[in-house]
Amino acid sequence: MKKMIKKCLVICVVMIMTLSSVITAYAQSGNGAAGMRVREYQDEHSVGVEASPRGQLISTITLQLSNEGYRALGIYSEILCHQDMKSITMSINLQRLVDGRWKNYNTKSFEWTNDDNDHLSMAIASYELGLLPAGSYRLSAAYVVYNLDGSLHESKSVTSPSKTVN
């Protein structure tokens with residue numbers, strides 16, 4: 001009887017260890033509340049978020065804020081769609097923490113359209129901002145896509161973790 005209990009215990013422990021190695025944890029932030037699978041990441045040079053909204057049109061969104069040197073930040077945003085789109089719009093806000101509240105510091109908007117039957121299933125925006133005052137910054141971005149016949153659209157927004165500029 002003891003051998004059987006011991007055997008069952010060993011099997012349970014092995015199963016738990018096996019399952020724990022394949023479970024993925026997702027950050028619980030405002031991004032997760034929007035019904036998206038989200039992976040936030042941070043290292044010494046950059047912070048970012050990869051979101052999978054599991055939408056009908058939008059497949060994946062990537063938003064990254066990186067330290068490019070003395071008081072300069074690099075901004076990268078990418079959206080991938082399940083199919084070709086008629087148009088993709090992206091609005092990126094660099095926000096700065098001022099007196100405990102996030103305030104818009106810089107905003108850029110981009111729009112891509114599918115003219116002449118070109119393929120438009122992804123869009124990328126990448127740029128740098130320099131001479132920033134010291135402080136904490138984050139990105140907040142909104143995306144809107146329209147399918148080819150314009151009968152269906154989808155919108156999502158994501159926010160990155162914060163990055164400190166010294």
Side-chain angles (χ1 to χ4, degrees), residues 24-98 101-165:
T24 304
Y26 293 95
Q28 293 297 317
S29 66
N31 297 323
M36 294 186 278
R37 295 181 69 185
V38 176
R39 183 180 79 85
E40 292 183 352
Y41 57 90
Q42 298 184 26
D43 61 36
E44 95 181 50
H45 299 293
S46 65
V47 296
V49 61
E50 291 177 1
S52 297
R54 295 183 170 210
Q56 190 169 358
L57 301 176
I58 299 174
S59 171
T60 307
I61 295 170
T62 302
L63 188 61
Q64 181 177 349
L65 185 62
S66 59
N67 188 348
E68 297 298 322
Y70 182 74
R71 295 199 176 173
L73 291 174
I75 296 166
Y76 177 86
S77 178
E78 175 183 304
I79 183 169
L80 301 172
C81 300
H82 292 295
Q83 59 194 16
D84 288 341
M85 295 291 121
K86 179 179 182 178
S87 69
I88 298 175
T89 304
M90 182 185 301
S91 179
I92 304 169
N93 294 311
L94 177 65
Q95 298 177 330
R96 183 171 181 243
L97 188 61
V98 179
R101 297 185 67 187
W102 290 104
K103 301 203 177 198
N104 287 347
Y105 184 81
N106 179 279
T107 300
K108 288 195 183 234
S109 294
F110 303 90
E111 185 172 1
W112 296 265
T113 57
N114 187 340
D115 297 327
D116 302 325
N117 237 357
D118 288 5
H119 297 289
L120 179 62
S121 60
M122 72 178 291
I124 297 173
S126 180
Y127 58 96
E128 287 185 24
L129 291 173
L131 301 174
L132 299 169
S136 292
Y137 292 87
R138 73 178 186 183
L139 293 173
S140 177
Y143 307 85
V144 180
V145 299
Y146 287 88
N147 69 344
L148 283 175
D149 65 7
S151 65
L152 188 62
H153 77 280
E154 188 172 17
S155 61
K156 295 293 178 187
S157 59
V158 296
T159 303
S160 75
S162 62
K163 182 79 179 149
T164 302
V165 172

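Glu68 and Ser66 form a side-chain donor-acceptor contact under 3.5 Å, judged by distance and modelled atom types alone.
Leu152 contributes atom CG, which lies 12.5 Å from atom NZ of Lys86 (distance to the nearest 0.5 angstrom). For the atom pair Met36 CE and Thr60 OG1, the distance stands at 11.5 Å (nearest 0.5 Å). Separating the OG1 atom in Thr159 from the CG atom in Leu139 is a distance of 9.0 Å, to the nearest 0.5 Å. Here the NZ-CG distance, from Lys163 to Leu73, works out to 8.5 Å after rounding to the nearest 0.5 Å.
With hydrogens and angles disregarded, a donor-acceptor distance shorter than 3.5 Å links the side chain of Asn67 to the backbone of Gly69. Remark: side-chain polar atoms of His153 are not paired, donor with acceptor, to backbone N or O of Leu57 under 3.5 angstrom. Judged purely by atom type and a 3.5 angstrom limit, Asn93 has no side-chain atom pairing as donor or acceptor with the backbone of Gln95.
Using a 4.5 Å heavy-atom threshold, the side chains of His82 and Gln56 count as separate. Side-chain contact check for Ile88 versus Cys81: some heavy-atom pair is nearer than 4.5 Å. Residues Tyr143 and Val158 meet the side-chain proximity criterion, which asks for heavy atoms closer than 4.5 Å. Residues Leu131 and Arg71 fail the side-chain proximity criterion, which asks for heavy atoms closer than 4.5 Å.
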